[in-house]
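Order of appearance sets the numbers: ligands from 1, and atoms from 1 within every ligand.
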Amino acid sequence: MLEQLEKLRTEALEGLRAVADGAALDTWQRSTLGRRGIVTLITRRVGELPKESRPAFGKRANQVKQELTAAYERKATAVKADEMERQIATGAIDVSQPGRPRPLGRLHPSTQVLREICRIWGDMGFQVYRSRDVETDEYNFQLLNMPPHHPARDMWDTFYTTQEGVVLRTHTSPGQIHAMHDYHPEPIRVILPGMCYRYEQISARSEIQFNQVEGLAVGKNITFADLKGTLSSFAGRLFGAQIQTRFRCQHFPFTEPSAEMDVECILCSGRGCNVCKKTGWLEILGCGMVHPAVLRHGGYDPAVYTGFAFGMGVERPAMVKYGIKDIRYFWSGDLRFLEQF
Ligand code: DAH
């Protein structure tokens, strides 16, 4: 049987030498080394030998198998290279074909608008100040002039955590206090972008998470006129220099006096449409002069310092800008939506 094995080896190597293409190589591989190939078959017959010659045969059979496997691999590399060369020579690869496009990633529409807003405030001399998404009740409410049970807390439906006194921030305003603690006693001009969370019914107009950009300026002799001038200038840079703005009275516990700024509806140029509910105006932010109690909580003496603050949404202006009808698209992760931006 050993002789048979040697013969088989010689024939297999000869056969391999004659192989010229991938198909023939596959056939050779199956009939020689495959599960039902001759090497396997002869190895299985080891039981027919007398006991004492079995180890020698087994050893030789393994050597042959390894040798043939190595020869096969060498041949496979050579055949592949040959075939590639032949394809190139016969023009099967058309090098003048345009390449396959690679899909590009893109920025989320919120991120695009957020960056645009940050760029404008940067041009106007405001630094970006980051603060945390998970806040204490103290920062989210108390230091902003809303002690426990203050009725104004109802304006912000809050996600409470299992840890007593720890909430998901309902607005970026608590960052104002962190910024004051960090900057004190220097003057401040910062914006605070970031995600906010509210325990609300999700609808076409409101989501449980959304971005805000807060702003804070603290210094000496800052007046309401500075607030109006700065915010109007911002609106002009974001929506175009011609845009009309107006300030309406409003109430926020952390500012006094407080206001909301509207811009002329950019969809109907103020004539009145469904988006602006026929008023011709779109509300884009809340603002006001920082409340003396809040300045004090930040470490600034309200007899010496004044300041203004504001807070604006990001998704609402993005909806107006891109004509997005439903806020739920933003976090649904639907690529058909995201790929449009
Ligand atoms: N935090 C307010 C909100 O989420 C927005 C706001 C209003 C921020 C007035 C301010 C401000 O800084 O002065 O509705």
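Classification of Glu83 and Lys80 as a salt-bridged pair fails, no side-chain N sitting under 4.0 Å from a carboxylate O.
Cluster note: Trp281 groups with no other residue, as no ILVMFWY side-chain heavy atom lies under 4.5 Å from it.
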Enumerate the pairs of nitrogen or oxygen atoms, one from ligand 1 and one from the protein, separated by less than 3.5 angstrom; state names and distance to 0.1 Å.
unit_1, atom_1, unit_2, atom_2, d
ligand 1, 1 (N), His171, ND1, 3.0
ligand 1, 1 (N), Ser173, OG, 2.9
ligand 1, 4 (O), Trp156, NE1, 3.3
ligand 1, 4 (O), Arg198, NH2, 2.9
ligand 1, 4 (O), Gln212, NE2, 3.0
ligand 1, 12 (O), Gln176, NE2, 3.0
ligand 1, 12 (O), Glu214, OE2, 2.5
ligand 1, 12 (O), Phe310, N, 3.3
ligand 1, 12 (O), Phe310, O, 3.3
ligand 1, 13 (O), Ala309, O, 3.2

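Judged by distance alone, with hydrogens and angles left aside, the side-chain atoms of Asn140 form a donor-acceptor pair with the main-chain N or O of Thr170 at under 3.5 Å.
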(request) Just do the ring pair (Phe, Tyr, Trp, His ring centres under 6.0 Å) check on His108 and Phe341 with the steps written out, would you? (result) CA-CA 7 Å; His108 191 281; Phe341 303 94; 8.0 Å; no
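Listed by first then second residue, pairs satisfying salt bridge (Lys or Arg N to Asp or Glu O under 4.0 Å) with a partner in residues 61-72 read Arg9-Glu67, not counting sequence neighbours. Applying the side chain to side chain donor-acceptor pair (under 3.5 Å) test to residues at least two apart or on different chains, the pairs with a partner in residues 283-308 are Asn145-His291.
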